[in-house]
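In this text, all values refer to a predicted model and were calculated from it rather than measured experimentally. Below, chain A is the first sequence line, B the second, and so on; all start at residue 1.
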Amino acid sequence: MTGHETLFPIGIDRNGLPVEIYTEKKFNISIHNTPREKFLEYCKTALNDLEAEMIGIMKSMSMSGDFKNYYRTDSNEYRALTQTTFIQLWKKGLVFEDTRPNNYCPKCGTTLADAEIVYKDLPSMLVYINFKFRDGGVITIATTRPELLGACQAIIVNPEDERYKDVVGKSAVIPLFNREVKINAHPQADQEFGTGAVMICSYGDYEDVRLFREMKLEEIILLNKEGKMTRNAGQYAGLDVEEARKRIIEDLDNMGLIVKKEEIMHRTPTCERSKNPVEIVPMNEWYIKQVDMKKTLRILAKKFKFHPDAHRQLLLDWIDSVSIDWPVSRRRYYGTEIPIWYCRDCKAIMVPPPGKYYQPWKQKPPFKKCGKCGGNSFVGDTRTFDTWVDSSISPLFISKYGKDKKFFSRTYPNALRPQGKEIVRTWLYYTLLRCYQLTKKLPFEHVWVMGWGVDEHGEKMSKSKGNIIDPIPLLEKYGADVFRFWSASEASLGSDFRCSEQRIASAGKFLTKIWNLSRFISMFPVVKKATLTDTDKWILSELGNVIEECKEGYEDFNFFVPANKIREFTWNIFADHYVEMVKKRAYGEGFSKEEQQSAWFTLHTCLEAVLELLAPIIPHMTDFVARQLYHKYSVHAEEFPEAEWKSKLTNSTQKIVEFNSKIWSGKKSQGKSLKDSIEIELPKELKLFEKDLKAMHNIG
RNA sequence: GGGUUCGUAGUCUAGUGGUUAGGACGCCACCCUUACAAGGUGGAGACCGCAGUUCAAUUCUGCGCGGACCCACCA
């Protein structure tokens, strides 16, 4: 309606962990003991069902996207682009390998995603251990993981803790291992728990991981992938966690270093399947650099036009909180494969040429010889990318990045990123990062951050809570027009809105009103020109204001504004007051032909504009009515209306409304019918509208 | 637990350093007035709490309470 050619492909994101978890539940299988090829097939089946349902809903809601221009992030073409962009970043030196603490289940022998971990309160022994100072004295720490003593790199105490004020900065000796560690003041230490002194080891829990990063401590790997103690554990090497714990406690006891032991309930992360406690084991993973870019990203984040502007803060806060580079490799199946082979002989890393889709876990590499040692045997990387590596390049994909230069230059940067508020730190953030790394440009101009439909109590819908409201029956019952008008009129830009069937039903009343209004106005011929009376000039200037307000709302992607402005104008001003004022004139009772024509012209002008203003929100009914009355082509092909009539007459609106109310309530309190005549002096500021008002109220 | 954000009638929302705090749904009463009883008219009903700044606070500041989101979930 504003004359722009629009690219709006429909994309379905089909990669990642949620797909795998859903598939495991649906088919009652486990990724850890299903052959990879087979597991991928299960995932595809599950996805196709979900996708069909989603697209069905999009269509039922009359989303105006281009359903023929449709893509999936797990297609070969899309995945080829994901890999190509990774290879390009690799060549720019933005990819590196480093260790990463992973959740690991020693019993299943696999890494676990956070979603596969269940927290349980398990009984555990809290052991109080004395660390000696070289110059005499001791500090007692309390721990549930004494077997990690050998990986201790720091002790922390709360800065407020009076008991430890004079030992902060000193070093204590780790019993059995005879290494010195420093005592630091850190607010993380809880004065109430244990002794208030905590040992920080690699890695007892994710608090340790965080503190190791924060304090830049060097990790000591104590556990291997079999769940056994490593060489670093000295005399305890080769033992299971449980055995090592037992032995260390015994040894400490014999040395008289254990002050006391306490049975406590301890919130423990366990493997969903084996029910075993999860260990944190550092492994090599691929990273994409991002920490270096924080400053730049912050500047770029300020260049986006956010709708609503306040939600920019979500992105800024996330950028500020980024503290490590982005680990992108996942030991999972349903994702884009990492396009890397390794030389069996010299372990050289071999990256294939960009442009194709590679599956190194089952394919032969696209090269014969190792570039480093000349070897000819390779092993493919078996890992996949984090799903955001895929979804973060959707603007590049839809703009045919690297494929069609002309198309790319026309469509990139994209105009708009619409998305939910909960994925600002992922989808929006990673898109900004990745697209900027590749193109040195912002990926889009506008960012539209939506709130959610929540349940009647304002709570997020979720399966586990059982408060999901299925949109399909509501769409069937009320239709897409009502559903869309309801959601547009319910909540302002960026905020959540409650789903209540009753409110959907009452939103439908406005559509009925428009329908009846159209029936009334359609009784009169469409006229293109007229000499306007003051009453008609008045309502047309009101219409002009509404058009301008709607335009502003639409330009801010805030449908709440036009939905409510139009409803207010159409119902509370146009129908209730204007239409009543001109009824007699439109019927030609007591008015000149010229005055009648003016009424006809104005009625039709207002209705046509209202239909056009509402068309993006209420696409079907506005189209139907406009075709009946005004043109053969679709209302959606009409130009957005212009505010042609502006005047100071809108100052009279308040007066008109008050005057009419006064007469209506006057007649009512006198028990008169609205038809009955009445004697009343018109206020002088309403003289311009005298003839219409007299006819309307039957003023004698 | 940390960060962010929000808090106007039963519900959704407009708005402002001084307003009779506006509108919609729902509710109550009355009304078939030739587009519409899926309608009309009228009515009852609100600024989360406390403290501060100010001549004045619903509006600004702080704290608290409550909801939501994100991040953690503890030696």
Side-chain angles (χ1 to χ4, degrees), chain A residues 114 117 119 124 126-129 141-146 148 152 155-156 187-190 193-201 204-211 264 266-269 310-311 313-318 320-321 420-426 451-452 454 456-460 486 489-492 494-498 500 502-524 560-561 563-565 567-568 571-572 575-576 579-580 583-584 586-587 589 603 660-661 663-669 671-676 696-698:
Chain A
D114 291 340
I117 289 173
Y119 286 89
S124 177
L126 184 64
V127 187
Y128 290 68
I129 304 169
I141 61 100
T143 181
T144 53
R145 303 295 304 268
L148 294 181
C152 175
I155 291 172
I156 60 165
Q188 192 64 43
D190 179 357
F193 191 90
T195 62
V198 192
M199 68 170 190
I200 306 302
C201 310
D205 57 51
Y206 274 90
E207 237 9 85
D208 285 342
V209 175
R210 223 198 67 211
L211 287 167
I264 57 163
H266 183 221
R267 204 159 156 75
T268 313
H311 279 2
Q313 201 56 38
L314 297 173
L315 179 59
L316 290 174
D317 288 338
W318 178 253
D320 289 343
S321 73
K421 63 182 179 182
E422 80 285 5
I423 49 176
V424 165
R425 62 161 209 94
T426 47
W452 298 349
V454 294
E456 288 171 274
H457 311 288
E459 291 190 33
K460 179 182 170 177
W486 160 73
S489 66
E490 192 70 5
S492 195
S495 57
D496 295 341
F497 56 100
R498 296 186 190 203
S500 129
Q502 188 221 317
R503 294 183 68 86
I504 297 176
S506 39
K509 290 187 178 176
F510 179 58
L511 276 80
T512 309
K513 189 75 185 179
I514 296 270
W515 181 255
N516 285 316
L517 204 49
S518 302
R519 285 204 309 144
F520 172 69
I521 294 172
S522 67
M523 293 171 16
F524 310 110
F560 180 82
V561 171
N564 285 291
K565 294 284 179 203
R567 173 161 59 184
E568 202 174 320
W571 206 322
N572 300 356
D576 288 352
V579 171
E580 295 302 329
K583 252 181 192 169
K584 289 264 161 46
Y587 285 129
E589 295 168 15
L603 286 166
N660 290 335
S661 282
I663 299 205
W664 283 324
S665 62
K667 283 187 175 175
K668 190 180 170 182
S669 64
K672 285 185 175 173
S673 156
L674 293 181
K675 286 191 285 198
D676 292 346
M696 171 185 183
H697 295 296
N698 194 8

Q: How far does the P atom of B:rU61 sit from the matching atom of B:rU16, given to the nearest Å?
A: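 One P to the other, the span is 15 Å.
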Q: Atom CH2 of A:Trp664 and atom P of B:rG40: how far apart are they, to the nearest Å?
A: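 Value for this atom pair: 10 Å.
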Q: Rounded to whole angstrom, note down the C1' distance from B:rU34 over to B:rG39.
A: 14 Å
Q: Using the C1' atoms only, state how far B:rG49 lies from B:rC30, rounded to an integer number of Å.
A: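 After rounding to an integer number of Å, I get 41 Å for this pair.
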Q: Given B:rC30, is OP1 or OP2 found less than 4.0 Å from the side-chain N or O atoms of A:Lys667?
A: no
Q: Using a 4.0 Å heavy-atom cut-off across all strands, classify A:Phe510 as base, sugar-phosphate, or nothing.
A: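 Here A:Phe510 touches no strand at all.
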Q: Would you classify A:Thr144 as touching base, sugar-phosphate or nothing, given that sugar-phosphate means primed atoms plus P, OP1 and OP2, and contacts are heavy atoms under 4.0 Å?
A: sugar-phosphate
Q: Rounded to the nearest Å, what distance is computed from the CZ atom of residue A:Arg425 to the C1' atom of nucleotide B:rG3?
A: 13 Å
Q: Distance check needed: B:rG40 C1' versus A:Asn660 CG, whole Å only.
A: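 Checked: the CG to C1' distance equals 13 Å.
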Q: Can you tell me how far P of B:rC73 sits from CZ of A:Phe193, to the nearest Å?
A: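 One finds 16 Å between P of B:rC73 and CZ of A:Phe193, rounded.
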Q: Which heavy atom of A:Ile156 sits nearest a heavy atom of A:Gln188, and at what distance?
A: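 For A:Ile156 and A:Gln188, the tightest heavy-atom pair comes out as CD1-CB, 4.0 Å.
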Q: In whole angstrom, give me the gap between the P atoms of B:rC60 and B:rG15.
A: 13 Å
Q: Calculate the interatomic distance between A:Gln188 atom CD and B:rG1 atom P; express it in whole Å.
A: 13 Å
Q: Would you mind classifying the nucleic acid contact of A:Lys513 as base, sugar-phosphate or nothing, using non-hydrogen atoms under 4.0 angstrom?
A: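 The residue A:Lys513 makes base contact.
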Q: In whole angstroms, how far is the P atom of B:rC74 from the CD1 atom of A:Ile156?
A: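 So the two atoms are 15 Å apart, to the nearest Å.
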Q: side-chain hydrogen bond (donor to acceptor under 3.5 Å, both in side chains): which pairs involve residues 509-519 of chain A, sequence neighbours left out?
A: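 Sorted pair list: A:Asn516-A:Arg519.
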Q: Which of the following nucleotides, B:rA29, B:rC70, B:rG23, is nearest to the side chain of A:Lys668?
A: B:rA29
Q: Report the base-pairing partner of B:rC25 (Watson-Crick or G-U wobble, both distances below 3.5 angstrom), or none.
A: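 In the structure as shown, B:rC25 has B:rG10 as its Watson-Crick or wobble partner.
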Q: What closest approach, in Å, do A:His311 and A:Gly494 show between heavy atoms, and which atom pair accounts for it?
A: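 Closest pair (atom of A:His311, atom of A:Gly494, distance): NE2-O, 3.1 Å.
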Q: If you look at every heavy atom in A:Gly196 and A:Ala189, which pair is closest and at what distance?
A: O-CB, 3.9 Å
Q: Check whether any side-chain nitrogen or oxygen of A:Trp318 sits under 4.0 Å from OP1 or OP2 of B:rC69, and answer yes or no.
A: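 Answer is no, no contact under 4.0 Å.
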Q: Is the ring pair A:His697/A:Trp664 parallel, tilted or perpendicular, if the boundaries are 30 and 60 degrees?
A: perpendicular
Q: Does any nucleotide pair with B:rG39 by Watson-Crick or G-U wobble geometry, both distances under 3.5 Å, and what is it?
A: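 Pairing partner, where one exists within any strand: B:rC31.
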Q: Can you tell me how far C1' in B:rG22 sits from the matching atom in B:rU58, rounded to whole Å?
A: 14 Å
Q: When you compare B:rG42 with B:rC48, how far apart are their C1' atoms, in angstrom units rounded to a whole number?
A: 32 Å
Q: To the side chain of A:Lys584, which of B:rU34, B:rU33, B:rG23 is closest?
A: B:rU34
Q: Give A:Ala575 one of three labels, base, sugar-phosphate or nothing, depending on what nucleic acid heavy atoms sit under 4.0 Å from its own.
A: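 It contacts base atoms.
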Q: Would the base of B:rC69 count as contacting A:Lys421 through its side chain, where contact means a donor and an acceptor less than 3.5 Å apart?
A: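 It does not, because no donor-acceptor pair links the side chain of A:Lys421 to the base of B:rC69 below 3.5 Å.
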Q: Write down the distance separating the P atoms in B:rA29 and B:rC65, rounded off to the nearest Å.
A: 43 Å
Q: To the nearest 0.5 Å, what is the distance between CG (A:Asp208) and CD1 (A:Ile200)?
A: 5.0 Å
Q: Classify A:Asp190 by what it touches in the nucleic acid, base, sugar-phosphate, or nothing, heavy-atom distance under 4.0 Å.
A: base
Q: Could you check A:Arg567 against A:Ser489 for side-chain contact (heavy atoms from CB on, under 4.5 Å), going step by step and ending with a plain yes or no?
A: CA-CA 9 Å; A:Arg567 173 161 59 184; A:Ser489 66; 3.9 Å; yes
Q: Across nucleotides 4-15 of chain B, 5' to 3', mark each nucleotide with B, S or - according to how protein heavy atoms within less than 4.0 Å reach it.
A: SS-----BBSS-
Q: Ignoring backbone atoms, establish whether A:Ser661 has a side-chain N or O less than 4.0 Å from OP1 or OP2 of B:rG42.
A: yes
Q: Pick the P atom in B:rA14 and in B:rG2, then give their distance to the nearest Å.
A: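 About 31 Å, rounded to a whole number of Å.
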Q: Could you list the residues that satisfy side chain to side chain donor-acceptor pair (under 3.5 Å) with A:Glu422, not counting sequence neighbours?
A: A:Trp452
Q: Go nucleotide by nucleotide along RNA chain B from the 5' end; which of A:Gly194 and A:Ser518 gets its closest nucleotide reached first?
A: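 Per heavy-atom nearest nucleotide, the more 5' residue is A:Ser518.
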Q: Under 4.0 angstrom, heavy atoms only, what part of the nucleic acid is A:Lys509 near: base, sugar-phosphate, or nothing?
A: sugar-phosphate
Q: How long is the line joining NZ of A:Lys583 and C1' of B:rU34, in whole Å?
A: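 Nearest whole value for this atom pair: 8 Å.
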Q: Quick one: CG on A:Asp576 to CG on A:Asn660, what's the gap to the nearest 0.5 Å?
A: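 The distance works out to 9.5 Å.
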Q: Select base, sugar-phosphate, or nothing to describe what A:Arg567 touches, counting heavy atoms under 4.0 Å on all strands.
A: sugar-phosphate
Q: Once rounded to the nearest 0.5 Å, what's the spacing between atom OH of A:Tyr128 and atom OG1 of A:Thr143?
A: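 Answer for the OH-OG1 pair, A:Tyr128 versus A:Thr143, is 11.0 Å.
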Q: Where the side chain of A:Trp571 is defined as all heavy atoms beyond and including C-beta, which of B:rG26, B:rG39, B:rU33 is the nearest nucleotide?
A: B:rG39
Q: To the nearest Å, give me how far apart CG (A:Asp576) and P (B:rC36) are.
A: 15 Å
